[in-house]
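Here is the structure we will look at, set down as structure tokens.
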Number of protein chains: 2
Amino acid sequence: MKDYLNIFKALSDENRLRILLMLKMRPLCVCEIYEVLNIALSTISAHLKLMKNIGLIEDEKEGRWVIYRLGKDNSFLHELLEALEKKLQNDQKILNDRIIISHTTREICALKLKEKQNI
Amino acid sequence: MKDYLNIFKALSDENRLRILLMLKMRPLCVCEIYEVLNIALSTISAHLKLMKNIGLIEDEKEGRWVIYRLGKDNSFLHELLEALEKKLQNDQKILNDRIIISHTTREICALKLKEKQNI
DNA sequence: ACATAATATAGAAATATCTTTATATTGTCA
DNA sequence: TGACAATATAAAGATATTTCTATATTATGT
């Protein structure tokens, strides 16, 4: 039962839910998620760590990025996200997230991040 | 989105999850739930109030009992519980809960409650 | 109407969660 | 190899959650 409680707890936070729905589109590096959520990078790191620990997502190093993706072996999560995506078809925040992700790349987000940090 | 976050938050607590799966069997009064969970009655009341507020369950007075049941109009919750029930087919705690609920009644639980309070 | 049965609310303690700023780690490229 | 890019960890504050005990509410049967 604990596994399922953990899944529901993960899904009950807005930022984590948005991350999962973004990862359903494609694998993402941390700075792409940052570009969308506008919360501290360390907060994103913490959310990702939590979801990795309970098997919802996986990571892999690729160049100087760490790429996160949905866990392959979690059919329950996949079914849940599939259902959620339909229910949230008209959710403005989710729609916006999708637009940003489909119009950007790791390279662009990395550049934007650098600019923000130089200000 | 808030609606779904609330549903997931409700499901992320073990006691609330157990209550929902019991209510999936049949409507229950508070003292039947108490018989199963072994936590303070006021705690159960709080959990029920929370779930009622977000539309997961409904209540109705019947004699001196308040009978709680799953909300009729929440198809997302029903689908979730259906899926969960299958996943938790072999969960010992859930199995035990089901046994207790299928072997007791409001009347029996009310009596047991009275005994406990007289000790 | 009163006593009691069933449930709800108030208040408080312990713990958990989310977030930020500051600092550390790690790998890559010049 | 040294500087920097990308991400992670630590520490700390604010807030939320879960639970309990004690008390209140409300309806029912006598």
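Letters go in sequence order (proteins before strands), and every chain restarts at 1.
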Figure out the [atom1]/[atom2] separation between [X] and [N], and round it to whole Å.
{"X": "B/K61", "N": "D/dA27", "atom1": "NZ", "atom2": "P", "answer": "5 Å"}
{"X": "B/D13", "N": "C/dT17", "atom1": "CG", "atom2": "P", "answer": "11 Å"}
{"X": "A/I39", "N": "C/dC18", "atom1": "CD1", "atom2": "C1'", "answer": "9 Å"}
{"X": "A/I108", "N": "D/dA6", "atom1": "CD1", "atom2": "P", "answer": "13 Å"}
{"X": "A/K9", "N": "C/dC18", "atom1": "NZ", "atom2": "C1'", "answer": "13 Å"}
{"X": "A/I33", "N": "D/dT7", "atom1": "CD1", "atom2": "P", "answer": "9 Å"}
{"X": "B/E115", "N": "C/dA6", "atom1": "CD", "atom2": "P", "answer": "12 Å"}
{"X": "A/W65", "N": "C/dT26", "atom1": "CH2", "atom2": "C1'", "answer": "16 Å"}

I want to verify a distance call: between C/dA6, C/dA8, D/dA8, whose nearest atom is closest to the A/V30 side chain?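 In terms of side-chain proximity for A/V30, the closest of C/dA6, C/dA8, D/dA8 is D/dA8.
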Is the shortest side-chain N to carboxylate O distance from [X] to [Y] below 4.0 Å?
{"X": "A/E35", "Y": "A/K112", "answer": "yes"}
{"X": "A/E32", "Y": "A/R26", "answer": "yes"}
{"X": "A/E14", "Y": "B/K2", "answer": "no"}

With a 4.0 Å cutoff (strictly under), does any side-chain N or O of [X] reach OP1 or OP2 of [N]?
{"X": "B/Y34", "N": "C/dA8", "value": "no"}
{"X": "A/R16", "N": "C/dC18", "value": "yes"}
{"X": "B/R106", "N": "C/dA6", "value": "no"}

Please compare A/I67 and B/G63 by the position of their nearest nucleotide in DNA chain D and report the one closer to 5'.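 Whichever sits nearer the 5' end wins; that is A/I67.
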Please work out which residues in residues 40-52 of chain A have a non-hydrogen atom less than 4.0 Å from an atom of DNA chain D and list them by number.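 A/L41, A/S42, A/S45, A/K49 - these, ordered by number, are the residues of the stretch whose heavy atoms sit under 4.0 Å from the strand.
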Are the side chains of B/R98 and B/I100 in contact, using a 4.5 Å heavy-atom criterion?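 No; the side chains remain at least 4.5 Å from each other.
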Is any side-chain heavy atom of B/D13 closer than 4.5 Å to one of B/H47?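 Yes. Closest side-chain heavy atoms under 4.5 Å.
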If you round to the nearest 0.5 Å, how far is CG of B/L17 from CD1 of B/I94?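 B/I94 CD1 to B/L17 CG: 5.5 Å, rounded to 0.5 Å.
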Spacing of OG belonging to B/S12 relative to CD1 belonging to B/I7, to within rounding of 0.5 Å: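 Rounded to the nearest 0.5 Å, the OG-CD1 separation comes to 12.5 Å.
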